[in-house]
Amino acid sequence: MLGFAQLFASRLVKALAILIAIVVMNFFLVHAAPGDPAMVMAGEAGAADEKFVAQLREQFGLNRPLYEQLATYVGKIAQGDLGFSYRQQRPVWSILAERLPATLILTLIAFALALAAGVALGTLAAITVGTWADSAITVVALLAYATPIYWIGLMMSLLFSIQLGWLPAFGYETIGAGYTGLAHAADVAQHLILPVVTLALFYMAGYARLTRASMLEVRGQDFVKTAKAKGLTPTRVVTRHILRNAILPVITVAGIQAGQLVGGSILIETVFAWPGIGRLAFEAVLQRDYQVLLGIFLVTSVMVILFNILTDVLYGLVDPRIQAAR
């Protein structure tokens with residue numbers, strides 16, 4: 001237990017150093033992008049003269065040297081303040097608090113579905129290698145992996161929403177319905193089906209292929225032959241010996257992708273008009289809303305780091321030898 005606590009503490013220290021570097025790097029990358037938020041705001045206000053633009057720059061501190069802006073931003077981050085949105089005239093925290101739950105619901109359900117289905121299909125393909133089932137799973141996985149995710153979303157929306165009328169095509173809930181309680185939850189779940197399945201298909205294909213390849217590699221090792229020689233049932237050999245060792249590469253990839261899903265759902269949220277932070281990031285880029293962009297980058301970076309730490313912990317639970325080696 002002490003070794004586990006030391007491992008976790010060392011990961012947290014490294015994560016803090018990485019997070020500080022990410023904050024600084026994101027600040028310079030966002031400010032290096034072309035465009036001026038003061039010009040955008042002045043243009044939309046219909047008064048893009050130099051005097052008004054200068055007033056906006058002074059009001060939001062955009063006329064100060066970049067290093068002063070960085071020092072102010074880092075100081076606010078240290079106090080838990082993500083800044084103030086120029087465009088929406090609201091604190092960034094309140095904007096993210098509205099959008100983040102929708103993204104978390106979408107991405108976590110899609111991730112769980114992709115991981116469970118991918119491992120199950122990969123296991124089935126590995127134990128039936130060379131049969132029609134293996135070929136069918138491999139072909140489906142390759143198609144899902146190679147097809148652009150936005151195209152899958154559009155085709156699914158066209159089929160199940162426009163042609164068949166089974167599912168809603170876009171949005172988080174039925175506008176104006178006024179559902180509450182279980183009726184509201186059912187309505188949201190119905191709107192979730194298409195974006196979740198579309199997002200999960202791509203990652204499911206990768207997990208299925210990786211699980212199949214890893215299991216085929218592990219099943220030829222000596223400890224598997226020994227387990228079979230002891231007379232263990234095929235199911236026990238697959239679950240306790242082959243899959244448990246073959247799952248480690250899948251955990252590695254899944255741990256990296258779990259955090260990326262939150263920030264990488266821009267296409268899905270745009271196609272299905274899902275009100276999450278992916279769509280918010282797209283809107284913030286168009287509006288040159290630096291503070292909102294930086295807030296989104298920080299939140300997604302924290303999630304990636306947390307998922308990486310959880311991956312390390314899960315590694316130790318699946319294979320105690322790894323924890324001992326560290």
Side-chain angles (χ1 to χ4, degrees), residues 88 95-122 124 136-209 254 257-287 292 296 300 303:
Q88 303 188 38
I95 299 172
L96 294 181
E98 288 180 356
R99 299 289 194 104
L100 188 57
T103 294
L104 289 177
I105 291 173
L106 170 64
T107 54
L108 291 179
I109 295 177
F111 175 72
L113 175 62
L115 187 58
V119 171
L121 290 174
L124 178 60
I137 292 171
T138 301
V139 169
V140 171
L142 285 173
L143 285 175
Y145 192 79
T147 306
I149 193 170
Y150 65 86
W151 188 86
I152 294 177
L154 291 172
M155 292 303 102
M156 291 187 67
S157 180
L158 180 63
L159 175 61
F160 294 104
S161 298
I162 307 301
Q163 296 293 332
L164 299 176
W166 292 352
L167 298 168
F170 58 86
Y172 180 79
E173 58 188 350
T174 304
I175 299 175
Y179 294 127
T180 58
L182 291 177
H184 178 260
D187 184 47
V188 173
Q190 194 175 26
H191 284 78
L192 264 171
I193 294 175
L194 286 181
V196 161
V197 172
T198 303
L199 185 59
L201 273 175
F202 174 81
Y203 294 97
M204 179 199 70
Y207 298 147
R209 295 176 64 196
Q257 291 180 339
Q260 294 174 345
L261 273 172
V262 177
S265 59
I266 296 176
L267 285 175
I268 294 299
E269 292 185 3
T270 302
V271 169
F272 292 101
W274 191 260
I277 62 172
R279 190 176 173 200
L280 177 64
F282 178 71
E283 295 168 355
V285 169
L286 295 180
Q287 298 168 355
V292 172
I296 294 171
T300 53
M303 289 184 176

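The figures here come from the full heavy-atom set of this structure, side chains too, leaving out hydrogens, waters and symmetry mates.
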Checklist outcome for this item: Rounded to the nearest 0.5 angstrom, the CG-CG distance for Leu192 and Leu106 is 6.5 Å
Checklist entry - What's the spacing between Trp166 CH2 and Ile193 CD1 if we round to 0.5 Å? => result 11.5 Å
Checklist entry - What heavy-atom pair brings Ala144 and Leu201 nearest, and what distance separates the two atoms? => result CB-O, 3.9 Å
Item to check | From Met155 atom CE to Tyr150 atom OH, the distance as rounded to the nearest 0.5 Å | outcome: 10.0 Å
Checklist entry - For the residue pair Leu194 and Ser157, what are the closest heavy atoms and their distance? => result CD1-CA, 4.1 Å
Checklist entry - Under the 3.5 angstrom rule, does the side chain of Trp274 hit a backbone N or O of Ala102 as a donor-acceptor pair? => result yes
Item to check | Shortest non-hydrogen separation from Gly153 to Val271 and the atoms involved | outcome: C-CG1, 4.2 Å
Checklist entry - Between atom CD1 of Ile152 and atom OG1 of Thr147, what is the distance when rounded to the nearest 0.5 Å? => result 5.0 Å
Checklist entry - Atom CD1 of Ile149 and atom CG of Leu154: how far apart are they, to the nearest 0.5 Å? => result 11.0 Å
Checklist entry - Side-chain contact, heavy-atom cut-off 4.5 Å: Thr198 with Phe272? => result yes
Checklist entry - Could you give the distance from CH2 (Trp151) to CG (Leu158), rounded to the nearest 0.5 Å? => result 10.0 Å
Checklist entry - Does Met303 reach the side chain of Thr107, with side-chain heavy atoms less than 4.5 Å apart? => result no
Checklist entry - Under 4.5 Å between any side-chain heavy atoms of Thr103 and Arg279, yes or no? => result no
Next on the checklist: Under 4.0 Å between a side-chain nitrogen and a carboxylate oxygen: does that hold for Arg99 and Glu283?
Outcome noted: yes
Checklist entry - Does CG in Leu182 sit with more than 12 non-hydrogen atoms of other residues, nucleotides or ligands closer than 6.0 Å? => result no
Item to check | Aromatic ring pairing Tyr145/Phe202, orientation class (parallel under 30°, perpendicular over 60°, tilted between) | outcome: parallel
Item to check | Closest approach of Thr300 to Ile277 (non-hydrogen atoms, all atoms of both residues) | outcome: CG2-CD1, 4.1 Å
Item to check | Check: Leu167 main-chain N/O paired with Ser161 side-chain donor or acceptor under 3.5 Å | outcome: yes
